[in-house]
There are 2 protein chains.
Amino acid sequence: MAEAEAESTAGVQPRATGLRSTRQRRAVLEVLGRCPEFISAQELHALLADSGSTVGLTTVYRTLRELDRAGLVDVVRDEGGERLYLRRPTDEHRHYLICRCCGRSRPVDAEAVERWAAGLAELTGFAELEHTLELSGVCADCRQAEATAPCRQAPPLLAAESGTQDGLG
Amino acid sequence: MAEAEAESTAGVQPRATGLRSTRQRRAVLEVLGRCPEFISAQELHALLADSGSTVGLTTVYRTLRELDRAGLVDVVRDEGGERLYLRRPTDEHRHYLICRCCGRSRPVDAEAVERWAAGLAELTGFAELEHTLELSGVCADCRQAEATAPCRQAPPLLAAESGTQDGLG
DNA sequence: CGTCGACGTGAAAACCATGTTCATTTAGCA
DNA sequence: TGCTAAATGAACATGGTTTTCACGTCGACG
């Protein structure tokens, strides 16, 4: 398996998350970081295999769960309840609008919702209020394409290489 | 099994939903209608068994799916992705605030979110915009109880009997 | 620089909600 | 009442996710 590529890149940050830096985790973060759209654990697993890094499916699931706990990824559920992951670019709480056709997502400024939810906490006496907002629709591109094709074009799976900036150590 | 109770009550509405009125569907609606909080298909299945109506788990799932399609129940997903159902009191699109401790829910007027989502459609060029908003927290009661007990008190499973008002026919 | 223990890995199997199949029953119209 | 499409349900299939457990390896400490 292609081991060197990952080994060489990462400067192995000091314990930002309490997670050990392993070849597998580095690979997961590396591929995930180049993924412009939400993907499932299984897709990520396949992508890893394609890119030469053998990472067990179990480990992919486990790593994704840890990354979620550590706040390094955003998680969303598709209609079937399957979890989809996206490397979180910042620390802000984000909401996404996802195209049901092509799967492309765009972050959405949900200030208004955020504020409304905060107010709701006071109003109702509920504490530790959490909210999940899933937005989906059909993007302009797909709407246009739909005229001819029956929809379901695949989203781009990987973006160009980039300097590794993991959260391990 | 207690069959007569259901038979006698329902005036078997004219095909409001295109669904046939069967003993099983009547039982599901009857129990669901007395359920003050969201419950899972499995819980409902157990509840049905308790109340003397034998309804296959398959049928419970199928019926719930149909009721969802017909807009007669609200569906929500818990943290594990499991679907939870609640007989919908009205036809409005509702959002719920659910207590993570006791499971009790309260409908929430989400006008603001609704309006915001509508505006978002225009802004982004997305069509057929759908949104799911899941709100959870810890209600005042549970917060108080938490001081002593470690949480997780069970919600009331069934309310008192009521006049049957199904949506079948 | 070597040791060692805790943490990480992964193949296989378990789990669990949900869907599908198909033979049988039933609702409800003619 | 008879007939047919729809509904039922037991068994089975599915598929995402977690658990198990034997083995590997990271990295702290000497």
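Fair warning: this is a prediction, and the values are worked out from it, not measured in the lab. Chain naming here is simple, since letters A, B, ... match the order of the sequence lines and numbering starts at 1 in each.
When each of C/dG10, D/dT8, C/dG5 is scored by its nearest atom to the side-chain atoms of A/V55, the top-ranked nucleotide is C/dG10. In the set D/dG9, C/dG8, C/dG10, C/dG8 carries the atom at the smallest distance from any side-chain atom of A/R25.
Aromatic ring pairs are classed by plane angle as parallel below 30°, tilted from 30° to 60° and perpendicular above 60°; the pair B/H95 and B/H131 is tilted.
The pair A/E30-A/R34 meets the salt-bridge criterion, since a charged nitrogen lies less than 4.0 angstrom from a carboxylate oxygen. With respect to A/E111 and A/R115, a salt bridge is recorded, a charged nitrogen being found less than 4.0 Å from a carboxylate O. Note on B/R100 versus A/E128: salt bridge recorded, some NZ/NE/NH1/NH2 to OD/OE distance being below 4.0 Å.
Between the side chain of B/R23 and the backbone N or O of B/T54 there is at least one donor-acceptor pair closer than 3.5 Å.
Here the P atom of nucleotide D/dT18 and the CD atom of B/E79 are 13 Å apart, to the nearest Å. Atom P of nucleotide C/dT21 and atom CZ of B/R62 are separated by 11 Å, given to the nearest angstrom. Spacing between atom CD of A/Q24 and atom C1' of D/dT25 amounts to 9 Å, rounded to whole angstrom units. Atom CD of A/E66 and atom P of C/dC7 are 12 Å apart (whole Å).
A/T59 has a side-chain polar atom (N or O) that falls below the 4.0 Å cut-off from OP1 or OP2 of C/dG10. The shortest distance between the side-chain N/O atoms of B/T22 and the OP1/OP2 oxygens of D/dT8 is below 4.0 Å. Close to D/dG9, at under 4.0 Å from its OP1 or OP2, lies a side-chain N or O of B/R23.
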Close N or O pairs between protein and nucleotides 16-18 of chain C (under 3.5 Å):
from	atom 1	to	atom 2	distance (Å)
C/dA17	OP2	B/Q42	NE2	3.1
C/dT18	OP1	B/R83	N	3.0
C/dT18	OP2	B/Y61	OH	3.1
C/dT18	O3'	B/R83	NH2	3.4

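Side chains of A/L32 and A/L47 form no contact here, defined as non-hydrogen atoms less than 4.5 Å apart.
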